[in-house]
Structures are given as C-alpha cells and as structure tokens.
Amino acid sequence: MAAGLSTKRLMKELSDINTKGTPPGISLHSADSMQDWIFLISVLGEETVYRGETFALRMKFGNRYPIEVPEVTFLANPEYQPPVHPHVYSNGHICASILGNEWSPVLNAVAICITMQSMLASNKKKERPEGNDRYVRTAPSNPKLTRWHYDDDVSLIETETLFEVEVEQ
C-alpha cells in the first residue's frame, strides 16, 4: 500500500514539474526512476557568494514517501561538488531540520529544492561545518542514519551517527 502511495505521489509531482515547471534557478536534471531524482540548483542574484555556481541535489525516495522524508544529498563527484556552506558537509550530507524532525508529508521535492536554494542564498561566508573532516570519515552513506542536533533555526550541527565508529583523536 505504501509503495503505491509513494509512486502515485511522485507521478503527480513529476507531472506538475513537467506542466508547470520549476522556480527560477531550479531544474529537474533527471528522474530516470520514481526512486532517484536529481535537481540542479543555482542561487540567483548578484550578491550571492555562489554566483555562477550550480549544484546537483539528489533525492532518493523510499516506499514510505511522503510519510518519510527522502534521502537528500548534494552530489560530490567529478562533475558536481557540494556547496561550501556551514550546513553542508564535503560528502554532500546536509544538516537541515526540514530533512529531519521538521519534515511534513505536505512538502514535496520542489519545496526541498526551494529550501536548499534559500539556505544557500542566505549564506554570507563559504565555510564547512565544524567537524567536517571527522564527520566525513565516519559518516554512513545514508545521511538519514545520522542523528542531527539542531541548535536553532540557523545553527545546525551533527552530533552522532546511529552506528558505532572509532574516531582517531
């Protein structure tokens, strides 16, 4: 039943994207399956620290979408690199409450893209999150397996993963 709901919802979202389009600076790059979509995101305007840069945002949808949040990461490969941002790790994992405890089934793929675009647009300084190197060395491949600690609406940090790891000190 849940897989049917997920597929039906994603087909509706894809239809809306194909007929209504996406907001400026956001485009659907690929949706080869109902499980894996890639959007391209650019931050518009002259004042952004990301001027001229385009980032690829991957969404992997599970059978319980939209009840459960999709796995969302920025691609980190030879073609695309994650943005240098205080909430984005160099492996593409994103610490954002909308991808965790503030997820709501009324949100959709385009809403996630708009949130990521807004997060980037509001950033004034390119820097990685505190503990980036340690996190990337020990992170699970799926960021949904990370327990994120949200200090407040602005400052979000990673605290621990759901599996045990040894960290060299």
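Counting begins at 1 with the first residue of the sequence.
- Residues Thr146 and Pro140 have side chains in contact (heavy-atom distance under 4.5 Å, counting atoms from C-beta outward).
- The side chain to side chain contact (heavy atoms under 4.5 Å, CB included) search around Glu68 returns Arg64, Lys144, not counting sequence neighbours.
- Val49 is linked by a side chain to side chain contact (heavy atoms under 4.5 Å, CB included) to Asn123, Lys126, counting only residues two or more places apart in sequence or in another chain.
- In this pair, His93 and Tyr135 present their aromatic rings perpendicular. The plane angle is above 60°, beyond the 30 to 60° band.
- Residues satisfying the side chain to side chain contact (heavy atoms under 4.5 Å, CB included) criterion with Glu127, sequence neighbours excluded, are Pro86, Lys125.
- The cluster map of Ile, Leu, Val, Met, Phe, Trp and Tyr, joined by side-chain heavy atoms under 4.5 Å apart, puts Leu75 and Leu120 in different clusters.
- Across all non-hydrogen atoms, the minimal contact from Ile94 to Leu57 is CD1-CD1, 3.7 Å.
- Minimum interatomic distance between Trp103 and Asn108 (heavy atoms only, all atoms of both residues): CH2-N, 4.5 Å.
- Side-chain contact check for Ile112 versus Leu99: some heavy-atom pair is nearer than 4.5 Å.
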Extract all donor-acceptor atom pairs below 3.5 Å that involve side chains of residues 38-48 and protein atoms in other chains or at least two apart in sequence.
residue	atom	partner	partner atom	Å
Ser42	OG	Thr54	OG1	3.0
Glu46	OE1	Arg51	NE	3.3
Glu46	OE1	Arg51	NH1	3.3
Glu46	OE1	Arg51	NH2	2.8
Thr48	OG1	Tyr50	N	3.0

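- Between Tyr65 and Phe61, the ring planes are perpendicular. Angles over 60° get that label, and only those under 30° would be called parallel.
- Clustering ILVMFWY residues whenever any of their side-chain heavy atoms sit less than 4.5 angstrom apart, transitively, puts Val84 in a cluster other than the one holding Tyr80.
- Arg9 is linked by a side chain to side chain donor-acceptor pair (under 3.5 Å) to Glu13, counting only residues two or more places apart in sequence or in another chain.
- The hydrophobic cluster containing Met34 also contains Leu28, counting ILVMFWY residues as joined when their side-chain heavy atoms lie under 4.5 angstrom apart, directly or transitively.
- The distance from atom OG1 of Thr7 to atom CG of Asn63, rounded to the nearest 0.5 Å, is 7.0 Å.
- For Asp133, the side chain to side chain contact (heavy atoms under 4.5 Å, CB included) partners two or more places apart in sequence, or in a different chain, are Arg137.
- Pro105 and Ile67 make their closest contact through CG-CA, 4.2 Å (heavy atoms, listed as atom of the first residue, atom of the second, distance).
- Note that OG of Ser97 and NE2 of His87 are 9.5 Å apart. Values are rounded to the nearest 0.5 Å.
- Using a 4.5 Å cut-off on side-chain heavy atoms (C-beta onward), Ser15 and Asn18 make no contact.
- Between the Asn142 side chain and the Glu71 main chain, no donor and acceptor come within less than 3.5 Å of each other.
- No donor-acceptor distance shorter than 3.5 angstrom exists from the side chain of Thr22 to the backbone of Ile17, with no hydrogens or angles considered.
- Inter-residue side-chain proximity for Val88 and Met119 is flagged as met; some heavy-atom pair is nearer than 4.5 Å.
- Counting heavy atoms from C-beta on, the side chains of Pro83 and Met116 never come closer than 4.5 Å.
- Pro82 and Arg128 make their closest contact through O-NH2, 3.6 Å (heavy atoms, listed as atom of the first residue, atom of the second, distance).
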